[in-house]
Amino acid sequence: MFGFKKKKKLDDLMAQLRPDLSRESLGVGPAFPGVAPNPLLSGDARKRNAELRTGALALGVLVDWREVNSNPRVILMFDVETADGVSFRGVADEDLTFTELTRLAPGQTLPVRYRPAVMDHYVALARDADPAGVRQLSDRIASRKRT
């Protein structure tokens with residue numbers, strides 16, 4: 001009775017409430033599961049965030065962001081490039097401080113983590129990334145672009 005229809009409605013709830021958070025507005029395809037209304041209450045979102053903390057490192061160029069609430073919770077949109085040469089639009093659901101929020105600027109390159117086995121457009125800021133590892137990744141991506 002409350003099977004698949006209810007799940008479908010919950011997946012699209014944020015897109016209905018906030019059209020600026022729809023798949024089309026974020027620039028991702030139908031494989032993107034959608035933004036969780038409250039990631040702390042969503043078991044799938046908690047599992048995804050735990051997996052992203054240990055995901056593969058990549059570089060993301062900030063395209064835009066949408067403020068979800070005044071915590072401030074923001075949805076960040078990145079053009080991501082991996083060490084393997086794969087490029088995709090990545091979406092990060094992050095809680096930022098006001099200081100971090102004021103420092104956001106389109107075109108900024110930030111380290112992000114993604115799940116190579118899933119590739120569902122979700123990424124997370126790699127706050128724990130080693131600066132030397134980020135520099136090495138950046139050099140690897142830049143050398144591939146030159147050739």
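Quick caveat, the model's predicted, so the values are computed rather than measured.
- Between A92 and A124, the closest heavy-atom pair is CB-CA, 4.3 Å.
- In this structure, the side chain of R48 does not engage the main chain of G43 through any donor-acceptor pair within 3.5 Å.
- Using a 4.5 Å heavy-atom threshold, the side chains of L59 and S138 count as touching.
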How far apart are the C-alpha atoms of F88 and V123, what are their side-chain angles, what is the distance that settles it, and do they pass the side chain to side chain contact (heavy atoms under 4.5 Å, CB included) test? CA-CA 10 Å; F88 64 95; V123 298; 3.9 Å; yes

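- With a 4.5 Å cut-off between side-chain heavy atoms of Ile, Leu, Val, Met, Phe, Trp and Tyr, the cluster of V118 takes in none.
- We find that D128 and R113 are joined by a salt bridge, their nearest charged nitrogen and carboxylate oxygen being less than 4.0 Å apart.
- Here the closest non-hydrogen pair linking P39 and A45 is O-CB, 3.7 Å.
- In this structure, CG in L101 is found 11.0 Å from OG in S70, a value given to the nearest 0.5 Å.
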Start with the C-alpha distance between R127 and E100, add both sets of side-chain angles, then the distance that settles salt bridge (Lys or Arg N to Asp or Glu O under 4.0 Å), and finish with yes or no. CA-CA 12 Å; R127 298 170 193 254; E100 291 171 322; 2.9 Å; yes

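- The ring pair (Phe, Tyr, Trp, His ring centres under 6.0 Å) check on Y122 picks up F32, with sequence neighbours excluded.
- Within 6.0 Å of CD on E67 lie more than 12 heavy atoms contributed by other residues, nucleotides or ligands.
- Looking at I75 and W65, their side chains never come closer than 4.5 Å, going by heavy atoms from C-beta outward.
- Put simply, the side chain of E94 gets close to the backbone of L125: a donor and an acceptor are under 3.5 Å apart.
- One hydrophobic cluster, built from ILVMFWY side chains closer than 4.5 Å, holds both L52 and L26.
- Under the 4.5 Å side-chain criterion, counting only non-hydrogen atoms from C-beta, L104 is in contact with L96.
- Here the side chains of L57 and V134 are in contact, with some heavy-atom distance below 4.5 Å.
- Between R140 and E81 there is no salt bridge, since no side-chain N of the basic residue sits under 4.0 Å from a carboxylate O of the acidic one.
- Considering only heavy atoms from C-beta on, T82 stays 4.5 Å or farther from I141 through its side chain.
- By the 4.0 Å N-to-carboxylate-O rule, R66 lies close enough to D64 to be salt-bridged with it.
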When you look at L62 and M77, which way does the side chain to side chain contact (heavy atoms under 4.5 Å, CB included) test go after all the steps? CA-CA 6 Å; L62 184 64; M77 292 169 283; 5.9 Å; no

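- Listed here is the closest heavy atom pair of S25 and P19: OG-O, 3.0 Å.
- Distance alone, capped at 3.5 Å, places no donor-acceptor pair between the S22 side chain and the Q16 backbone.
- The backbone N or O of V86 lies less than 3.5 Å from no partner atom in the side chain of D84, so there is not a single donor-acceptor pair.
- The shortest non-hydrogen separation linking L41 to R46 is C-NH1, 3.5 Å.
- The side-chain hydrogen bond (donor to acceptor under 3.5 Å, both in side chains) analysis of residues 50-63, with sequence neighbours excluded, yields the pairs E51-R115.
- Taken together through direct or relayed side-chain contacts under 4.5 Å among Ile, Leu, Val, Met, Phe, Trp and Tyr, V35 and V28 form part of one hydrophobic cluster.
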Does the pair V68 and R18 meet the rule for a side chain to side chain contact (heavy atoms under 4.5 Å, CB included), with working shown? CA-CA 9 Å; V68 178; R18 295 278 309 272; 4.3 Å; yes

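- Taking hydrophobic clusters as Ile, Leu, Val, Met, Phe, Trp and Tyr residues chained together by side-chain heavy-atom distances below 4.5 Å, L21 shares a cluster with V91.
- V112 places none of its side-chain heavy atoms less than 4.5 Å from the side chain of L76.
- Note that CD of Q136 is 9.0 Å distant from CG of D130, once rounded to the nearest 0.5 Å.
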Could you walk me through whether F78 and R89 pass the side chain to side chain contact (heavy atoms under 4.5 Å, CB included) test, one step at a time? CA-CA 6 Å; F78 293 98; R89 171 61 54 94; 5.9 Å; no

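- When side chains are defined from C-beta on, P33 does not count as touching D44, because their heavy atoms never get closer than 4.5 Å.
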